[in-house]
Amino acid sequence: MVDFKFSVFTAVSAADAGEAPLVDVLTRAVAAAPGRWRVGRSGSWCSVVPQEAPRRPQGWKLHVSATPASAEDVLGRALRVLLAAGSAFKFAATVDFVAALNARNTSRGHSGKFITVYPESDAEAVRLARELHEATKGLAGPRVLSDRPYAPDSLVHYRYGAFVEERRLTNDGFYAWTILDPDGRPVEDRRVGRYTPPSWVTSPFPDNGMNGTRRTRVSGEITLGGRFAVREAIRHSNKGGVYRAVDRRTGDPVVIKEARPHVAADMEGRDTRDRLRAEAGALERLGGRGLAPRLVELFTQSGHLFLAQEMVQGGPLREWTAEHIVDAGWGGHLEGATEMARRLVGLMGEAHAAGLLIRDFNPNNIMVRPDGTPVLIDLELAVVDGEGGPLRAGTPAFGAPEQLGGAPPHASADHYSLGATLCYLFTGGPPYLLDEFPESRPLTERLEEWLTARMQGLEFPEHLRAMLLGLMADDPGHRWTTARARDALADRSPRRGGARDDGETPWLRETVEQAIEGITGELLASMNPDAADALWPVSCVHGAPDPCTLQQGAAGCLGALVRCSLLTGDPRLPDAIAAAAGWIRARLADGTNRPPGLYFGTAGVAWSLLDAGLALGDERLVEDAVAVAGRLPSAVASPDVTHGTAGLGLTALHLWARTGSARFAESADAAADALLRTVEERAGGLVWSTPADVDSKLAGRSYYGFAHGIAGVGCFLLACAEATGRDDCRAFALRVGEELLDAAVVERGTAMWGAGAGDAPTAPYWCHGASGIGSFLVRLGAATGDARFLEAADLAARAVAGHAWRAVLGQCHGLSGNGDFLLDMAELTGDDRHRTAAWRLGRTIVAARARRDGRFVLPDEQGEVSATWGDGMSGMLGFLLRLRYGSPRLWTVDAAAAITAGGAS
């Protein structure tokens, strides 16, 4: 089940009249300062450097924190010190960016760093730290977690790190910042949520009483509040940790939530501690009703606020829903979900009867006890009805539009959140209805199409559909109340309404065509060939990725646009393809040492550039792509498709098929040889794993799936056997198939697989699950004629079709990748029911569209808009193009394509 991005936004108040004029403060100060200064603006940062100043590459650097309310004063006081000293520094140029640096979910390694100072020497660093500390005493700012404070409660912090941005790409395709060790070797400049200086440096700063700790240790335990023995951290975020603990007075298990000072502060100085006090007040108001955890204690320790509350046994509604659908199937789920809906409606009704508005009712903030009773948790946004000012707060997909826009608290916003939560309960997916501008369709109309798509072929009572639409009505004044929803749920008549599952229809075909055109328009509009860092906006949810790659960068987007140009003849595309290819070629020449992999490295870039050059008839581009591919190794330590040797082998087969160059046939052979040489036999099975000493999150792991496991390796070996006639490759592909048959979990007419040996079955996606494994098995069955593999692939397809309720739309973990597998099944078996199932997924995808300035956007797995192949719109476009027009699957080498290699030109 998808894990959503649950975020809370900043408060809106009358005093919030825009951003403080931080740059104006600098302008006035520089005008009065001695010396000559170079002042520059890059994105949200403003840099100030003395003219002709030397710049050390690394050393002890200083950070000064601030809140949005204190930023102007902090900057003004700091400028007097820094300009007089002639120091180089940078600062967050807007109050909005200060707020973003301090937000509750900002990376703990980057949070709070309002001003960064680059001293010329260690002695200068110590002097500046002392002067800045004295200058900013008494002002508000959060602790910078990656640094050590200069003194208790100081805004000034220090750490050893890079002064200039030196980055390297890891084997996983993400940037890591580097510094040099004493031997001149680059090592990672770790920016994590704790102070971790390199082992070879000695701090020049005085201790200033910083050896203490805010947590008391009793008998080796970490104790909070003098009574709570911490057992483990559930999670850490910028706002503070959440811990499992035991109350030493009673022996009861408790959950403790932490609120750090000045995090998520607004212009009035309210911060995450105020939210935690509000939660404590909400728990007190609901006390004794069984609606929320019991409040144990609210206490302060070392300036941090802690809330201890009863530990609720069970799991979040999000997990309950996924497990219930999987265990019962959708038909069996309906009855249990309807009963849970009654309980949820009652839960909100009782909270409102107690005078409380919840304001963040969603599947992650509701725990389900083992007996099925739902309980409210995380009540930080709750307010007493009639109290509280405007607040731009809530969870995307579940917060009412007016609440997310900053409207005053009202019960009708809770009713919307109840409806969205019930949508999730019944369908398994959050109703991501992205904002449209200008608004072209009423929200209720879009929701109705979304529900109809997700309920295709399923019997869903009309009175439940009406309830969901009523709770989420556009007009807050027309929304159903909990009383009306309770009445609808009391209707136990056998009336059924079913959304027809017609597969391909003229209306759906036209809608898919419109989506293809609209998504293409959005990709063209969001492409910026003048940008230095990324051709398309890049999501940094998982880190800072290489902007050129197939999975998360420009190569994947380019591949989708090339395919779109070939299939639709869109006249906008040739120039855009040429511009994108030019941008990528320039980045390949920048000296960056990129990993070689297909999805996270250079191989996918070469593949994409080659296809672009052939589509444009650009011989120079083709030559450049062939040259890039020619410099790739045939094998690396990682064996898989996304990072390793199998992906390099697939790339070589594709280059051979498209160019006829024998050197790529040799590279494919060498990749196969390396895989056969590194395979291990464990308990009678085949294992390819990334060696434990490789710098990768995959190190030491072995998997079944297509992206990182034996299914992807087997698919390459099969393609190599078909293209070259190698019997050894075919034999090992067959052994992989046999192992996957043995590992399948066959239940209720479906086949599912765990991520690896001993793991429970995962969701049926391309990356790890039945979609990717089935993609290999159907090819193996078609190539060998072995009905067992085709039957297993069919069972995998049934699993995919049966999990069409899953929310994510993208390629890697979503419906687009699953739809491509169903099209594989249709093409390789001739069974049109798989094509019908693929059209069903296509209908679900396009039902999530939003129109913006005449273009279409679709949500990624975080509920945001991204262009990427892996989880964004390029991958969705690739599937929709194939669904509508028919074409080979992107980034896959099928036997028929490989066999034609000898005749390629």
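Count residues from 1 along the sequence. Remember, predicted model here, so these are calculated numbers, not experimental data.
The environment of CZ in Arg289 is crowded: more than 12 heavy-atom neighbours from other residues, nucleotides or ligands sit within 6.0 Å. Counted within 6.0 Å of CG on Asp252, heavy atoms from surrounding residues, nucleotides or ligands total more than 12; the atom is thus considered enclosed.
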Residues His304, Arg273; criterion side chain to side chain contact (heavy atoms under 4.5 Å, CB included); working and verdict: CA-CA 8 Å; His304 292 223; Arg273 292 171 295 178; over 6 Å; no
Decide side-chain hydrogen bond (donor to acceptor under 3.5 Å, both in side chains) for Ser146 and Lys113; before the verdict, give the C-alpha distance in whole Å, the side-chain angles of both, and the deciding distance to 0.1 Å. CA-CA 10 Å; Ser146 65; Lys113 299 176 179 178; 3.0 Å; yes
Would Phe114 and Leu22 count as a side chain to side chain contact (heavy atoms under 4.5 Å, CB included) here? Give the steps. CA-CA 11 Å; Phe114 170 45; Leu22 299 181; 4.0 Å; yes
From CA spacing to verdict: side chain to side chain contact (heavy atoms under 4.5 Å, CB included), Leu145, His157: CA-CA 9 Å; Leu145 295 174; His157 304 72; over 6 Å; no
Could you check Phe97 against Phe91 for side chain to side chain contact (heavy atoms under 4.5 Å, CB included), going step by step and ending with a plain yes or no? CA-CA 10 Å; Phe97 190 38; Phe91 66 92; over 6 Å; no
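Rounding to the nearest 0.5 Å gives a distance of 4.0 Å between CG of Leu347 and CG of Leu376. Note: Arg127 CZ to Glu124 CD = 4.0 Å, rounded to the nearest 0.5 Å. Within the model, atoms CD of Glu188 and CH2 of Trp177 stand 9.5 Å from one another, a figure rounded to the nearest 0.5 Å. A distance of 4.5 Å separates OG in Ser203 from CH2 in Trp60, rounded to the nearest 0.5 Å. Here Leu79 contributes atom CG and Leu132 contributes atom CG; the two are 10.0 Å apart, rounded to the nearest 0.5 Å. Taken from CG in Leu418 to CE in Met348, the straight-line distance is 4.5 Å, to the nearest 0.5 Å.
Side-chain contact check for Val296 versus Arg227: some heavy-atom pair is nearer than 4.5 Å. Contact annotation: the side chain of Trp320 approaches that of Met340 to within less than 4.5 Å [non-hydrogen atoms, C-beta and beyond]. Side-chain contact between Thr481 and His352 is absent, with no heavy-atom pair separated by less than 4.5 Å. Residues Ser417 and Asn362 form no side-chain contact, since every pair of their non-hydrogen atoms from C-beta on lies 4.5 Å or further apart. Using a 4.5 Å heavy-atom threshold, the side chains of Pro374 and Leu317 count as separate. Contact annotation: the side chain of Arg108 never approaches that of Val192 to less than 4.5 Å [non-hydrogen atoms, C-beta and beyond]. Asp414 has its side chain out of reach of Pro409: every pair of non-hydrogen atoms, C-beta onward, lies at least 4.5 Å apart. Between His63 and Lys61, some side-chain heavy-atom pair lies under the 4.5 Å cut-off.
In this structure a side-chain-to-backbone donor-acceptor pair under 3.5 Å is present from Arg260 to Asn238. In this structure a side-chain-to-backbone donor-acceptor pair under 3.5 Å is missing from Thr67 to His262. In this structure, the side chain of Arg77 engages the main chain of Ala135 through a donor-acceptor pair within 3.5 Å. The main-chain N or O of Trp45 is never found under 3.5 Å from a side-chain atom of Ser42 such that the two would form a donor-acceptor pair. Between the Glu258 side chain and the Gly240 main chain, no donor and acceptor come within less than 3.5 Å of each other. For Asp271 (side chain) and Ala265 (main-chain N/O), no donor-acceptor pair under 3.5 Å exists by modelled atom type. For the pair Arg479 (side chain) and Ser412 (backbone), a donor-acceptor distance under 3.5 Å is present. Between the side chain of Arg343 and the backbone N or O of Gly372, at least one donor-acceptor pair lies under 3.5 Å. Listed for the Asn102 side chain is no donor-acceptor partner under 3.5 Å among the backbone atoms of Ala99. Here the side chain of Gln403 pairs a donor or acceptor atom with the backbone of Arg359 at under 3.5 angstrom.
The shortest non-hydrogen separation linking Leu298 to Ala280 is CD2-CB, 4.1 Å. Considering every non-hydrogen atom in both Phe163 and Pro119, the closest pair reads CE2-O, 3.2 Å. Nearest approach of Tyr150 to Ala129, heavy atoms of both residues: CD1-CB, 3.7 Å. Residues Ala382 and Ala278 share a closest heavy-atom pair of O-CB, 4.2 Å. Listed here is the closest heavy atom pair of Ala66 and Ala71: CB-CA, 3.8 Å. Closest approach of Tyr416 to Leu443, counting heavy atoms only: OH-CD2, 3.5 Å.
For Asp371 and Thr373, the side-chain atoms include at least one donor-acceptor pair closer than 3.5 Å. With no hydrogens or angles considered, a side-chain donor-acceptor pair links Ser154 and His133 at under 3.5 Å.
Under 4.0 Å is where a charged nitrogen must lie from a carboxylate oxygen, and between Arg159 and Asp189 at least one such pair does. The pair Glu380-Arg270 fails the salt-bridge criterion, with no side-chain N (NZ, NE, NH1 or NH2) lying under 4.0 Å from an Asp/Glu carboxylate O. Using a cut-off of 4.0 Å between Lys/Arg side-chain N and Asp/Glu carboxylate O, Asp378 and Lys257 are scored as salt-bridged.
In this structure, His236 has its ring center closer than 6.0 angstrom to the ring center of Tyr243.
The one candidate from Asn364, Asp360, Asn365 that meets the side chain to side chain donor-acceptor pair (under 3.5 Å) condition with Thr395 is Asp360.
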